[in-house]
Number of protein chains: 2
Amino acid sequence: MPVSCKNCPLRKCDYFIPMTEAELAFMISFKTGEMVVEPGTTLLLEGSNSPQLFTVLSGMGVRYKTLEDGGRQVINFLLPGDLTGMQSAIMGEMKHSVEATTNMVLCVFNRADIWNMFKAHPDRAYDLTWIAAVEEHFLGETIATLGQRDASQRIAWAYLRLHRRLRAVGLGDAHHVPLPFRQQDLADALGLSLVHTNKTIARLRDMGLAAWVDGKLSIPDRAKLAALAGVEPEPLDRRPLM
Amino acid sequence: MPVSCKNCPLRKCDYFIPMTEAELAFMISFKTGEMVVEPGTTLLLEGSNSPQLFTVLSGMGVRYKTLEDGGRQVINFLLPGDLTGMQSAIMGEMKHSVEATTNMVLCVFNRADIWNMFKAHPDRAYDLTWIAAVEEHFLGETIATLGQRDASQRIAWAYLRLHRRLRAVGLGDAHHVPLPFRQQDLADALGLSLVHTNKTIARLRDMGLAAWVDGKLSIPDRAKLAALAGVEPEPLDRRPLM
DNA sequence: CGTAGGCTTGAATATGGTCAATGGTTGTGG
DNA sequence: CCACAACCATTGACCATATTCAAGCCTACG
């Protein structure tokens, strides 16, 4: 049985800006159902025109593009609280694919209801745009990382980003977070080969900066890792939940 | 004297989805003025909270991030018809800087009027989100390019993208478009060193695939260049103009 | 138990980076 | 009008980071 938005566990996270009663009421009507998928399921396919959007309730996945020459680029990781399918909803076509890595539970919304949201619930429409702006920000950071940082820095940056984001939705504890991806996924996200990714992961582990073992990531000292990555300890801005 | 949106030359471009009369009327009131800047002017500064957004009427610029270690990553190029400043408007802080490369003329909007737009003009709010989705799409393409393509492919990809986009707003002719950036700008956009960028540009020129000389880019045969870049001749989707 | 998927490791290679220097053009001041 | 500085494009030599190729290993699972 689906969880009502009223009892949505994500709403309890400080990471998300609280909803008003009116917003909550709207979300309950906006949510048309729940979808449960297994690892490997393709949620959205590049080039398709899905009638639905999803918010991740639990589980993780990847968004990726397949290149003409067969390569795969992971655009980013899909984590609890993330909304996906906006491109299809607004532009009429997905520009990347989305696949489940673990078992996932997703809230399902209808694309057809979006326009009604803009007319009748401008506050939620505003939040939708806010989410898009946050996404744009993250993609810009990714571009800067792929363009300017070497392998150790890229991996350190990804670790920090994922760790913080997962903690923000209450996963893991102070030092360990679940990270159920393959090394190949991280390699494809960072534009590195699997071999080099593997060796760099090992180096970070040997240096005691970060260990990603058995699907769990531990970072003993964020500051040290951040120093290696060359990133400021940027705070994680709160954002709306949709 | 500022041009009225009524006579805005950009509106004539097929690239942009036509406005309704109501939308046009709103835009005329939404636009608070025009700004003219010289090359080198910083329009928006990373970390700042600008009260304004801009649409480029003419001229070009770059959006970039400065890294802790001094590097610069150009996120993308700012071309006529582009809207910038949304991050600041929605999230309250710019996550990158924006600088004019040439002389520019910009339409100025007030951040404070955005919320009113969501309440009173849902069609325009929807278009704003649409623009954000298009931006997200382009950034995703950039990530795929930085992550998966080698130097020649990156430059070929950037050439094709800029060429098509500039043609879409009526600049240049079938084979030549103005491209007033420095090689360093392109290098910073593609995550390559200046030296390697220079040599790769020369190689493409020697192969007769694309010549960027004296601030003008010419592509004799888009199909050939696209083959080298490893990209499909993806059509340029129309989008709203704000 | 045998196969498949993912992780690990070593060796050879290459793509691209760094360093260094030259030349062309423009703008400025003597 | 010339000298000089600043900026950008260009080129060569050398070096390093990361890729590719090729095995071996471990665990889960049928």
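Note that the structure is predicted; figures quoted are calculated from it, not measured. Letters A, B, ... are given to chains in the order of the sequence lines, protein chains preceding strands, and every chain is numbered from 1.
For C:dT15, the OP1/OP2 oxygens have no side-chain nitrogen or oxygen of B:Arg154 closer than 4.0 Å. OP1 or OP2 of C:dG5 has not a single side-chain nitrogen or oxygen of A:Gln183 nearer than 4.0 Å. OP1 or OP2 of C:dT9 has not a single side-chain nitrogen or oxygen of A:Arg203 nearer than 4.0 Å.
Donor-acceptor pairing under 3.5 Å is recorded for the side chains of B:Asn198 and B:Gln183. Inspection of the B:Arg203 and B:Ser152 side chains reveals an N or O donor paired with an N or O acceptor under 3.5 Å. Between the side chains of B:Gln148 and A:Asp69, no donor-acceptor pair of N or O atoms lies under 3.5 Å.
Side-chain rings of A:Phe181 and A:Phe77 approach one another, their centers coming within less than 6.0 Å.
Distances were taken from every side-chain heavy atom of B:Ala151 (C-beta onward) to each of D:dT11, C:dG16, D:dT20; the shortest belongs to C:dG16. Of the candidate nucleotides D:dT17, D:dA9, C:dG16, C:dG16 has the atom nearest to the side chain of B:His196. Side-chain proximity of A:Val195 to the nucleotides D:dT11, D:dT20, C:dG17 is greatest for D:dT20.
Heavy atoms of A:Leu192 sit under 4.0 angstrom from primed sugar atoms or phosphate atoms, though from no base atom. Looking at heavy-atom distances under 4.0 Å, B:Gly215 makes no contact with the nucleic acid at all. Counting any heavy atom pair closer than 4.0 Å across all strands shown, A:Asn198 reaches a base atom.
What separates CG of B:Asp214 from C1' of C:dT25 is a distance of 11 Å, to the nearest Å. If you measure from atom CG of B:Leu146 to atom C1' of D:dA18, you get 16 Å, rounded to the nearest angstrom. The CD atom of A:Gln184 sits 12 Å away from the C1' atom of C:dG5 (whole-angstrom rounding). What separates CG of B:Asp150 from C1' of C:dG17 is a distance of 15 Å, to the nearest Å. A:Ile155 has its CD1 atom 14 Å from the C1' atom of C:dC7, to the nearest Å. Rounded to a whole Å, the CD atom of B:Gln148 is 15 Å from the C1' atom of C:dT15. Regarding A:Arg205, its CZ atom lies at a distance of 11 Å from the P atom of C:dC7, rounded to whole Å. In this structure, the CG atom of B:Leu186 is 14 Å from the C1' atom of D:dC8, given to the nearest Å.
Mapping A:Leu194 and B:Arg182 onto DNA chain D by nearest heavy atom places B:Arg182 at the nucleotide closer to the 5' end.
Taking 3.5 Å as the limit, the base of C:dG10 and the side chain of A:Lys199 contain a donor-acceptor pair of atoms between them.
Salt bridge A:Asp82/A:Arg239: present, at least one basic N to carboxylate O contact under 4.0 Å. By the 4.0 Å N-to-carboxylate-O rule, B:Glu141 lies too far from A:Lys95 to be salt-bridged with it.
Comparing the axis of the opening five pairs of the helix from C:dC1-D:dG30 to C:dG30-D:dC1 with that of the closing five pairs yields an angle of 30°, rounded to 10°.
Within a 6.0 Å sphere centred on CG of A:Asp14, heavy atoms belonging to other residues, nucleotides or ligands number 12 at most.
A cation-pi geometry, defined here as NZ or CZ lying under 6.0 Å from the six-membered ring centre and within 45° of its normal, does not hold between B:Arg154 and B:Tyr159.
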